[in-house]
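Here the structure is laid out as structure tokens; the discussion comes afterwards.
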Number of protein chains: 2
Amino acid sequence: MVTMLDVARCAGVSKSTVSRVLNNKNVVREEIKALVYKAIAETGYRPNLLAQQLATQKTSMIGLVITNEVYNGPFFSTLVYNAAKFCEQHDHRLIFADGKHSADEEINAIDFLVRMKCAGVMVYARHTPHAELEKIINESPMPVMILNQRLSVCPDRNIFIDHYRGGEIVMDYLLSQGHTHIAWIGGKMPSPSNTARQQAWRDNVHPDCAALVAQGDWSMESGYQAALTLIDGAAPFTAILAANDDMALGAIKALKDRGLRVPQDISVAGFDNAKIGHYFSPSLTTLDTPIEQMIQCAVEQIVGLSPDRPAQGLTGTLVIRDSVGPVPVLMPN
Amino acid sequence: MVTMLDVARCAGVSKSTVSRVLNNKNVVREEIKALVYKAIAETGYRPNLLAQQLATQKTSMIGLVITNEVYNGPFFSTLVYNAAKFCEQHDHRLIFADGKHSADEEINAIDFLVRMKCAGVMVYARHTPHAELEKIINESPMPVMILNQRLSVCPDRNIFIDHYRGGEIVMDYLLSQGHTHIAWIGGKMPSPSNTARQQAWRDNVHPDCAALVAQGDWSMESGYQAALTLIDGAAPFTAILAANDDMALGAIKALKDRGLRVPQDISVAGFDNAKIGHYFSPSLTTLDTPIEQMIQCAVEQIVGLSPDRPAQGLTGTLVIRDSVGPVPVLMPN
DNA sequence: GTGAAAGCGCTAACAG
DNA sequence: CTGTTAGCGCTTTCAC
């Protein structure tokens with residue numbers, strides 16, 4: 001491996017001079033500069049970023065911790081896509097650490113990124129208790145931003161989406177269409193999004209519906225199964241609200257497979273506004289979750305672009321499409 | 001920031017002793033070990049990974065360069081999900097660099113990862129000429145694995161999928177259903193997958209179909225538009241083959257919107273076996289691309305688990321579902 | 001302007 | 001077993 005010293009020798013100057021021309025520090029004489037560049041080209045020198053970052057005490061990496069339960073759905077895709085996009089936009093690089101499926105593993109993942117001296121780290125966690133997160137935030141030399149869950153402390157390290165309000169928005173729409181008996185398909189717990197959305201459902205739905213709950217795990221398949229359970233249950237309903245679009249889509253397939261029409265017989269709505277929802281039949285009514293905004297906000301906070309407190313309580317907007325219709329006159333179930 | 005020296009002082013030992021207990025080198029006396037652990041706890045010491053990696057000359061990061069054109073579809077999602085999964089499986093971390101949309105930017109991204117001293121880097125590029133890639137492979141001290149395109153050199157740094165053969169498999173099936181007039185919806189160029197698949201289409205389709213080509217950019221929307229163009233064109237056809245599932249799904253929506261039934265009037269097939277294909281109506285016939293295998297192979301090659309030459313010429317398997325049917329007796333168009 | 005020398009925080013001989 | 005001493009490759013005073 002060719003180091004800065006090799007370049008220096010090759011150019012007949014000192015290490016510091018090479019460093020200077022590379023960093024445009026102090027004015028180096030033009031002729032020497034040329035010599036150095038020539039030597040760099042000849043030797044094929046590539047500065048070692050580990051060494052550089054150790055010396056300068058700063059890096060250009062932004063860490064992202066993510067529980068692998070959100071993996072591999074449109075939500076994950078959007079999250080990562082936007083994280084990478086905004087990082088690059090600010091000349092940083094995204095580095096990943098898998099939070100897997102326990103508090104210990106999440107904490108480990110954060111620890112890795114902190115010890116890598118990332119410029120900042122974004123945490124999309126599920127299991128770690130808030131007290132623990134708070135401790136990490138306070139002990140870490142770089143900003144650690146907690147995404148998608150509301151902390152009672154450290155508001156400037158916290159960007160969350162108001163999923164309760166989001167749930168209300170969708171429920172309001174469902175109610176406005178005359179639905180009173182609305183079933184709920186939940187995502188995998190623990191999850192702040194799921195909890196809040198479910199609460200919004202519970203608080204707004206007819207009290208008879210308490211039993212109209214089926215548990216999924218965010219995947220289409222689980223939505224499919226959950227819907228079957230609901231259909232086979234005793235309680236009648238005219239609409240299904242699923243905690244995300246994937247499950248809503250799975251549910252629609254289940255309804256169709258059982259000969260039920262959407263939305264004529266049963267209406268279905270979801271959350272997150274996955275792209276496919278527009279192309280599905282029927283196209284999916286959903287809440288557009290402001291993931292992009294959330295990530296942008298986090299990245300800008302880390303790179304120090306937005307001096308003020310990060311945006312909080314983002315809600316998202318309702319996307320009305322075909323999967324929700326007026327309540328049918330006769331309950332089919 | 002608390003360093004190893006602080007811990008050493010706190011425990012009343014030398015730096016090397018601390019290092020030893022941390023790395024389980026040489027047997028350190030139990031009582032001293034305890035002292036050190038106590039000091040670590042007291043000081044809240046967190047080892048600096050940059051320093052450690054600089055000193056040991058090895059890192060636990062695996063780099064991934066990816067052109068941002070594949071971003072944000074199911075293909076991207078699967079790629080990143082699996083990359084992260086296999087990295088973690090081998091106790092490594094995934095680090096990202098965006099290849100954006102030009103050869104220069106791709107090379108830059110690779111360079112960053114190389115200079116970060118990643119254990120290895122995986123390159124999913126589109127624009128960089130092979131000669132350039134070859135040069136990078138040879139000059140880099142760590143394995144640089146080129147994914148999804150066939151290099152004429154460096155076979156052990158190259159894992160590709162035989163998209164031509166994959167294309168043939170789908171075409172064979174379409175032909176076996178009696179289709180002769182098959183339209184093609186292509187992805188964004190340049191792309192090795194697209195080129196090879198399109199070639200397979202061209203080599204197997206009826207010569208009359210040369211004009212039955214529409215250009216997309218891999219997105220559902222572009223598939224939708226491409227299908228409209230095809231429908232509005234003069235040439236008749238009974239099937240559409242799209243270079244990926246997203247475009248196939250967009251195309252199906254376009255056909256439906258124009259009152260055409262799939263597959264009764266027009267059959268549609270895609271590539272990649274996106275999860276949603278199973279839930280769509282009609283469910284999508286597609287080729288399951290072995291992305292997971294490709295990534296697994298790359299990661300194992302990097303961590304030195306598979307001593308032999310990496311797998312090459314993976315093809316994938318046909319997933320037969322409902323979007324392709326027998327050719328209709330009367331061409332609808 | 002440029003070079004020498006002292007770090008950044010850690011590991012790895014080498015003595016003892 | 002443990003401490004001392006050099007590095008790893010780069011930046012950054014501080015003199016000249």
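Throughout, a chain's letter reflects where its sequence line sits, starting with A, and its residues are numbered from 1. For the numbers below, each heavy atom of this structure counts, side chains included, while hydrogens, waters and symmetry mates do not. Quantities reported herein were computed from a predicted structural model and do not represent experimental measurements.
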(message) Quick check against the 3.5 Å criterion: does B:T3 have a side-chain atom that pairs as donor or acceptor with the backbone of B:L5?
(response) yes

(request) Would you please name every residue forming a salt bridge (charged side-chain N to carboxylate O under 4.0 Å, His left out) with B:K58, sequence neighbours left out? (result) none

(message) Just to be sure I understand the rule, does A:I32 reach a base, reach only the sugar-phosphate, or reach nothing, if contact means heavy atoms closer than 4.0 Å?
(response) sugar-phosphate

(request) Using atom CD of B:Q52 as one end and atom C1' of C:dC10 as the other, report the distance to the nearest whole Å. (result) 7 Å

(message) Among A:E105, A:K100, A:E106, which residue satisfies the side-chain hydrogen bond (donor to acceptor under 3.5 Å, both in side chains) criterion with A:S102?
(response) A:E105

(message) Under 4.0 Å from a heavy atom of chain B: give me the 5'-most and 3'-most nucleotides of DNA chain D that qualify.
(response) D:dC1 to D:dG9

(request) Rounded off to whole Å, could you give me the CD-to-C1' distance for the B:Q57 and C:dT11 pair? (result) 10 Å

(request) Starting at atom CG of A:L54, determine the distance to atom C1' of C:dT11, rounded to an integer number of angstrom. (result) 13 Å

(request) Nearest whole angstrom, please: distance from the C1' of C:dT11 to the CG of B:L49. (result) 14 Å

(message) Test of understanding: with side chain to side chain donor-acceptor pair (under 3.5 Å), list the residues that count as partners of A:Q53, not counting sequence neighbours.
(response) none

Solution key, residues 111-123 of chain B side-chain donor-acceptor pairs under 3.5 Å, sequence neighbours excluded:
residue : atom : partner : partner atom : Å
B:D111  : OD1  : A:R46   : NH1          : 2.8
B:D111  : OD2  : A:R46   : NH1          : 3.1
B:R115  : NE   : A:P47   : O            : 2.9

(request) Taking side chain to side chain donor-acceptor pair (under 3.5 Å) as the test, write out the residues that go with B:E292, two or more places apart. (result) B:K85

(message) Tell me every residue that passes salt bridge (charged side-chain N to carboxylate O under 4.0 Å, His left out) with A:K15, counting only those two or more places apart in sequence or in another chain.
(response) none

(message) According to side chain to side chain donor-acceptor pair (under 3.5 Å), who are the partners of B:S19, at least two apart in sequence or on a separate chain?
(response) B:N23

Distances under 3.5 Å only, N/O to N/O: pair up the protein atoms with those of nucleotides 12-16 of chain C.
residue : atom : partner : partner atom : Å
C:dA12  : OP2  : B:K25   : NZ           : 2.8
C:dA13  : N6   : B:R20   : NH2          : 3.3

(request) Scan residues 5-13 of chain A against DNA chain C and write down, sorted by residue number, each residue with any heavy atom closer than 4.0 Å; if none is found, say none. (result) A:V13

(message) Under a 3.5 Å distance rule, please check whether B:T43 uses its side chain to pair with a backbone N or O of B:I40 as donor and acceptor.
(response) yes

(request) Starting at NE2 of A:H130, measure out to OG of A:S152 and round the result to the nearest 0.5 Å. (result) 7.5 Å

(request) May I have the step-by-step check of side-chain contact (heavy atoms from CB on, under 4.5 Å) for A:I295 and A:T78, ending in yes or no? (result) CA-CA 10 Å; A:I295 293 288; A:T78 306; over 6 Å; no

(message) Test of understanding: with salt bridge (charged side-chain N to carboxylate O under 4.0 Å, His left out), list the residues that count as partners of B:D162, not counting sequence neighbours.
(response) none

(message) Quick check on the helix from C:dG1-D:dC16 to C:dG16-D:dC1: what's the angle between its two end axes, five base pairs per end, to the nearest 10°?
(response) 40°

(request) State which residues pass salt bridge (charged side-chain N to carboxylate O under 4.0 Å, His left out) with A:E139; sequence neighbours excluded, sorted by chain then number. (result) none

